[in-house]
Structure formats: structure tokens, C-alpha cells
Amino acid sequence: MITVRKTTSADLGRITAIVSEAREYFARAGIPQWQGEYPSRSDFEDDIKGGRSFVAEEDGVVLGVYCYDTRGDANYNEIFEGAFTSDAPYAAIHRIAVAADAKGRGIAGKMVEHAVSLALAEGFQYMRGDTHRLNLSMQRMFEKNGFIHRGIIYLGGIKDHVNERFAFERCIKGEKDQ
């Protein structure tokens with residue numbers, strides 16, 4: 001059975017390996033996402049220290065990782081070719097990665113549902129996430145899990161193809177009652 005739990009420092013080696021697999025996959029697919037230093041080991045260390053990092057595991061083996069962030073993301077302050085539903089506070093899901101040998105098993109979806117349950121418990125009405133225009137598998141994952149494409153954002157305000165991201169949003173208010 002797949003469970004989701006808070007990440008510990010002991011998970012960093014496995015997370016680094018999963019992110020390395022993702023980088024290699026993106027490079028082979030011609031996707032410029034994650035081809036630089038981001039996300040680095042220190043990003044995951046900061047997430048762990050901040051209580052924002054979670055892993056999906058099965059039988060003690062980490063299969064995926066994600067960051068649950070409620071601090072607001074400056075990259076979402078300006079959106080092009082669309083709009084977010086609301087300016088209300090939101091929770092974001094970032095740095096989603098699944099081990100290559102675990103893809104297609106619904107791991108990312110389980111992590112999204114975990115993030116949604118956290119957001120609902122904390123009173124958020126919206127979840128946001130983003131991915132590169134060429135990262136079709138992540139776009140499908142967002143859409144499969146109830147997110148709607150809302151427009152385009154640019155990381156760090158740098159308007160180029162490397163920093164361009166499709167922004168997604170899911171209205172979660174009322175889901176607790178369903």
C-alpha cells in the first residue's frame with residue numbers, strides 16, 4: 001500500500017536519485033525544465049526543515065516527493081493569457097517527482113490528494129501548481145486530478161521559453177463535505 005508521510009533527512013539520498021532520473025528524462029525529451037541547479041539538494045533540505053516536504057512510499061521504499069507550500073508564490077503574482085479564479089490564499093504543490101520505475105502507478109495523484117487534504121484542513125479554497133509547456137505528462141497529471149489550466153506564468157519574471165510555465169488551479173472548497 002502506498003502511503004504519504006513527511007520527508008526526513010534520511011530520505012535525501014533517494015530524493016536526489018529520483019530528481020536525477022527526472023532530469024535525465026526531461027533532457028532526453030527535450031524539456032528544459034530542471035536542467036540547471038534547480039531543484040537542488042538544498043531546496044529539499046529547506047523543504048524538510050520547513051515541514052513542507054512529503055514522500056510517497058511503499059514497503060519502506062520512497063517512490064515520489066513533493067513540496068506543499070502555503071507561503072504564497074511570487075511567480076503566481078502575474079499571469080498571462082488567462083487568470084486565476086481568485087486572489088484568495090492558496091496552497092501550492094511544487095517539485096513533484098516520481099521514481100522512473102514507479103511511473104504510471106498513480107503516485108503523483110496520491111501525493112496531490114494528500115496535498116489537497118492538508119490544504120482543506122488548513123482552510124484553503126484553492127490549490128495551484130505549474131509545469132513547463134513541454135512537460136505533457138505533468139499537464140495530464142494536473143488535469144486528471146481536477147486542476148484547470150489558467151494561463152502562463154514566468155519563473156522569476158524572466159519571459160523566455162525556459163522559464164515559461166503553464167499555471168494550473170483546482171478549487172477545493174467544499175470537497176471536505178463530499
With sequence neighbours excluded, residues passing side chain to side chain contact (heavy atoms under 4.5 Å, CB included) with [X]:
{"X": "Ala88", "value": "Ser86, Tyr126"}
{"X": "Thr70", "value": "Tyr68, Ala91, Glu122, Phe124"}
{"X": "Arg140", "value": "Leu136, Ser137"}
{"X": "Asp46", "value": "Arg52"}

(Q) Which residues pass the ring pair (Phe, Tyr, Trp, His ring centres under 6.0 Å) test with Phe147, not counting sequence neighbours? (A) Phe142
Could you tell me which non-hydrogen atom of [X] sits nearest to which non-hydrogen atom of [Y], and how far apart they are?
{"X": "Ser42", "Y": "Ser40", "answer": "OG-OG, 2.8 Å"}
{"X": "Gly51", "Y": "Lys6", "answer": "O-NZ, 3.4 Å"}
{"X": "Ile153", "Y": "Ala167", "answer": "CG2-CB, 3.9 Å"}
{"X": "Met111", "Y": "Gly64", "answer": "SD-C, 3.6 Å"}
{"X": "Gln35", "Y": "Arg23", "answer": "NE2-O, 3.0 Å"}

Q.
According to side-chain hydrogen bond (donor to acceptor under 3.5 Å, both in side chains), does anything in residues 55-64 pair up with another residue at least two apart or in another chain? List the pairs.
A. Arg5-Glu57, Glu58-Arg105
(Q) Suppose clustering is done on Ile, Leu, Val, Met, Phe, Trp and Tyr with side-chain heavy atoms closer than 4.5 Å. Which residues sit in the same group as Ile158? (A) none
(Q) Through direct or indirect side-chain contacts below 4.5 angstrom among Ile, Leu, Val, Met, Phe, Trp and Tyr, which residues connect to Ile48? (A) Leu12, Ile15, Ile18, Val19, Tyr25, Phe26, Ile31, Trp34, Tyr38, Phe44, Val55, Val62, Val65, Leu134
Sequence-distant partners of [X], salt bridge (Lys or Arg N to Asp or Glu O under 4.0 Å), two or more places apart:
{"X": "Glu21", "answer": "none"}
{"X": "Arg95", "answer": "Asp47"}
{"X": "Glu78", "answer": "none"}
{"X": "Arg71", "answer": "Asp69"}

Is there a donor-acceptor pair closer than 3.5 Å between any side-chain N or O of [X] and the backbone N or O of [Y]?
{"X": "Tyr154", "Y": "His161", "result": "no"}
{"X": "Arg128", "Y": "Arg170", "result": "no"}
{"X": "Asn163", "Y": "Lys159", "result": "no"}

Q.
Taking atom CG as the centre, does Asp87 end up with more than 12 heavy-atom neighbours from other residues, nucleotides or ligands that are less than 6.0 angstrom away?
A. no
Q.
Before you tell me yes or no, could you show the steps for Phe54 and His114 under ring pair (Phe, Tyr, Trp, His ring centres under 6.0 Å), namely the whole-Å CA-CA distance, both residues' side-chain angles and the distance that decides it to 0.1 Å?
A. CA-CA 9 Å; Phe54 294 85; His114 183 263; 4.9 Å; yes
Q. Atom CD in Gln139, atom CG in Asp130: separation rounded to 0.5 Å?
A. 11.0 Å
Q) Judged by modelled atom types alone, do Thr85 and Arg150 share a side-chain donor-acceptor pair under 3.5 Å? A) yes
(Q) Under a 3.5 Å threshold, yes or no: a donor from one side chain and an acceptor from the other, between Asp73 and Tyr90? (A) no
Q) Aromatic ring centroids of His132 and Phe166 under 6.0 Å? A) no
Q: For salt bridge (Lys or Arg N to Asp or Glu O under 4.0 Å), just list the numbers for Glu45 and Lys49, CA-CA rounded to whole Å, side-chain angles, deciding distance to a tenth of an Å, and then say yes or no.
A: CA-CA 6 Å; Glu45 289 170 341; Lys49 287 177 192 162; 5.3 Å; no
